[in-house]
Amino acid sequence: MIRREMGSSFLLFAQDDHARLSGELARHYGNRFFAKSEPLDETIRAVARHDCGWPLHDDLPTLNKDGLPLDVFETPLDVAMAVWQAGVERVADEEAYTQLLVSLHVLGLSGFAAARQHDRREQFELNKFQHRQIEKQVELRKRLGMPLDVPLRLGLAVRSDLAEEEKLRRNHNIVQTMDRISLGLCCTELMFEKIEGIVARPGATAVTLNFSRTEDFALRVQPWPFDGEKIEMEIPYRAVPLAKYEDVEEFRAAYAAAAQMRMKMTVHA
């Protein structure tokens, strides 16, 4: 769940809804400078479903140590691994390429998590999670006819001279980019001001996309990778009082009582 402070309220956006917003962006990705993803539909589905395990938490949201609604960037490792695994399982009926991109996404998140300090039990569970994803990706690579003897780091090829692997990297970067733009729209602060290493089309030099907030729920992206000058979307949310909650039951009651509303969000050049 994303916790956004606005006035006297916390605006709460479910992670799966944030991912669906990312998917709407992905449908518009591509212009004369930026090539569309290929395979197109499978990549868009991966973007839209990259956080589909999060209802496991967000249907019964929790509090952080300070009694505030738990934000995604505060998620304990055990909760994170459970929702990551649930996401991989919930796309099992999708095309193999979609499944591979979702697994790559959560494996990448686990890589960020591994760089933090953990006790021995957490490190052990994190290693197990990563091994499960690697095994899953081997299975999916076999189904897709992709090589298994290519050196990989977090599921992506170390070498940059293999066309199929570079296509996978570009599509993985599209998942990451749409994710970060959507987070930039939803979060209290602009968490990511740029994303580096974006290859606009096969053989092109990598560029950096820069993000800046122009209004509360409007984001400028430069250079512009989409098919129109402006994209307008809506996302559901609930508003609860901006307060420290005594216990999770009090918070869940406030969340359940809050009407679901919709927020208009804009991305522009």
Heavy-atom neighbours of [X] [atom1] exceed 12 at 6.0 Å:
| X | atom1 | result |
| --- | --- | --- |
| Arg262 | CZ | yes |
| Glu165 | CD | yes |
| Glu229 | CD | no |
| Phe73 | CZ | yes |
| Glu189 | CD | no |

For residues [X] and [Y]: do they belong to one hydrophobic cluster (side chain heavy atoms under 4.5 Å, members Ile, Leu, Val, Met, Phe, Trp, Tyr)?
| X | Y | answer |
| --- | --- | --- |
| Leu63 | Leu12 | yes |
| Leu154 | Leu77 | no |
| Val221 | Phe192 | yes |
| Val106 | Val138 | no |
| Ile235 | Trp54 | yes |

Nearest-0.5 Å distance that lies between atom [atom1] in [X] and atom [atom2] in [Y]:
| X | Y | atom1 | atom2 | value |
| --- | --- | --- | --- | --- |
| Ser22 | Gln176 | OG | CD | 12.0 Å |
| Met233 | Leu21 | CE | CG | 4.5 Å |
| Arg116 | Glu122 | CZ | CD | 11.0 Å |
| Arg141 | Asp149 | CZ | CG | 9.5 Å |
| Ile195 | Leu209 | CD1 | CG | 7.0 Å |
| Arg220 | Ile181 | CZ | CD1 | 13.5 Å |

Looking only at heavy atoms, which two atoms of [X] and [Y] are closest? And how far apart?
| X | Y | answer |
| --- | --- | --- |
| Ala254 | Tyr245 | CB-CE2, 4.1 Å |
| Pro223 | Thr208 | CD-O, 3.4 Å |
| Gly155 | Leu107 | N-CD2, 3.8 Å |
| Val150 | Ala157 | CG1-CB, 3.8 Å |
| Thr188 | Glu5 | OG1-N, 2.9 Å |
| Cys187 | Arg213 | O-NH2, 2.7 Å |

Do [X] side-chain atoms and [Y] backbone N/O form a donor-acceptor pair below 3.5 Å?
| X | Y | result |
| --- | --- | --- |
| Thr43 | Ser37 | no |
| Thr177 | Ile174 | no |
| Asn64 | Gly67 | yes |
| Asn31 | Phe33 | yes |
| Asp71 | Arg3 | yes |
| Arg4 | Leu11 | no |
| Arg201 | Arg32 | yes |

Which residues share a side-chain contact (heavy atoms from CB on, under 4.5 Å) with Arg120, sequence neighbours left out: none
Below 6.0 angstrom between ring centroids: does that apply to His172 and His50? no
Using a 4.5 Å cut-off on heavy atoms from C-beta on, say whether the side chain of [Y] contacts that of [X].
| X | Y | result |
| --- | --- | --- |
| Arg143 | Glu139 | yes |
| Leu183 | Cys186 | no |
| Arg20 | Asp17 | yes |
| Asn171 | Leu101 | yes |
| Met178 | Glu24 | no |
| Arg49 | Glu94 | yes |
| Met146 | Leu100 | yes |
| Glu38 | Lys167 | yes |

In terms of the angle between their ring planes, are Tyr237 and Phe13 parallel, tilted or perpendicular, with boundaries placed at 30° and 60°? tilted
Hey, what's the ring geometry for Phe251 with Tyr255, parallel, tilted or perpendicular (30° and 60° as the breaks)? tilted
I'd like to know if the side chain of [X] pairs up with that of [Y] as donor and acceptor (distance under 3.5 Å, no hydrogens or angles considered).
| X | Y | result |
| --- | --- | --- |
| Asp227 | Tyr29 | no |
| Gln137 | Ser103 | yes |
| Ser110 | Gln130 | yes |
| Gln15 | Asp58 | no |

Run the side-chain contact (heavy atoms from CB on, under 4.5 Å) test on Leu190 and Leu219 for me, step by step, so that the C-alpha distance in whole Å, both residues' side-chain angles and the decisive distance to 0.1 Å come before the verdict. CA-CA 9 Å; Leu190 183 58; Leu219 201 71; 3.7 Å; yes
Assess the residue pair Glu135 and Arg132 against the criterion (salt bridge (Lys or Arg N to Asp or Glu O under 4.0 Å)); give the C-alpha distance rounded to whole Å, side-chain angles, the decisive distance to 0.1 Å, and a yes or no. CA-CA 5 Å; Glu135 290 172 355; Arg132 284 197 299 270; over 6 Å; no
Could you walk me through whether His18 and Asp179 pass side-chain contact (heavy atoms from CB on, under 4.5 Å), step by step? CA-CA 8 Å; His18 135 75; Asp179 181 29; 2.8 Å; yes
When you look at Leu104 and Val175, which way does the side-chain contact (heavy atoms from CB on, under 4.5 Å) test go after all the steps? CA-CA 10 Å; Leu104 286 170; Val175 177; over 6 Å; no
Using a 3.5 Å cut-off and no angle test, enumerate the donor-acceptor pairs between side-chain atoms of residues 79-91 and protein atoms at least two apart in sequence or in another chain.
residue : atom : partner : partner atom : Å
Gln85   : OE1  : Gln133  : NE2          : 3.1
Gln85   : NE2  : Glu89   : OE2          : 3.2
Arg90   : NH1  : Cys52   : O            : 3.2

Salt bridge (charged side-chain N to carboxylate O under 4.0 Å, His left out) partner of Lys264, the single match among Glu232, Glu215, Glu234: Glu232
Assess the residue pair Thr266 and Phe217 against the criterion (side-chain contact (heavy atoms from CB on, under 4.5 Å)); give the C-alpha distance rounded to whole Å, side-chain angles, the decisive distance to 0.1 Å, and a yes or no. CA-CA 6 Å; Thr266 303; Phe217 294 99; over 6 Å; no
Can Glu42 and Arg45 be counted as an ion pair, charged N to O under 4.0 angstrom? no
Listed once per pair and sorted, the salt bridge (Lys or Arg N to Asp or Glu O under 4.0 Å) pairs that draw on residues 240-255, sequence neighbours left out: none
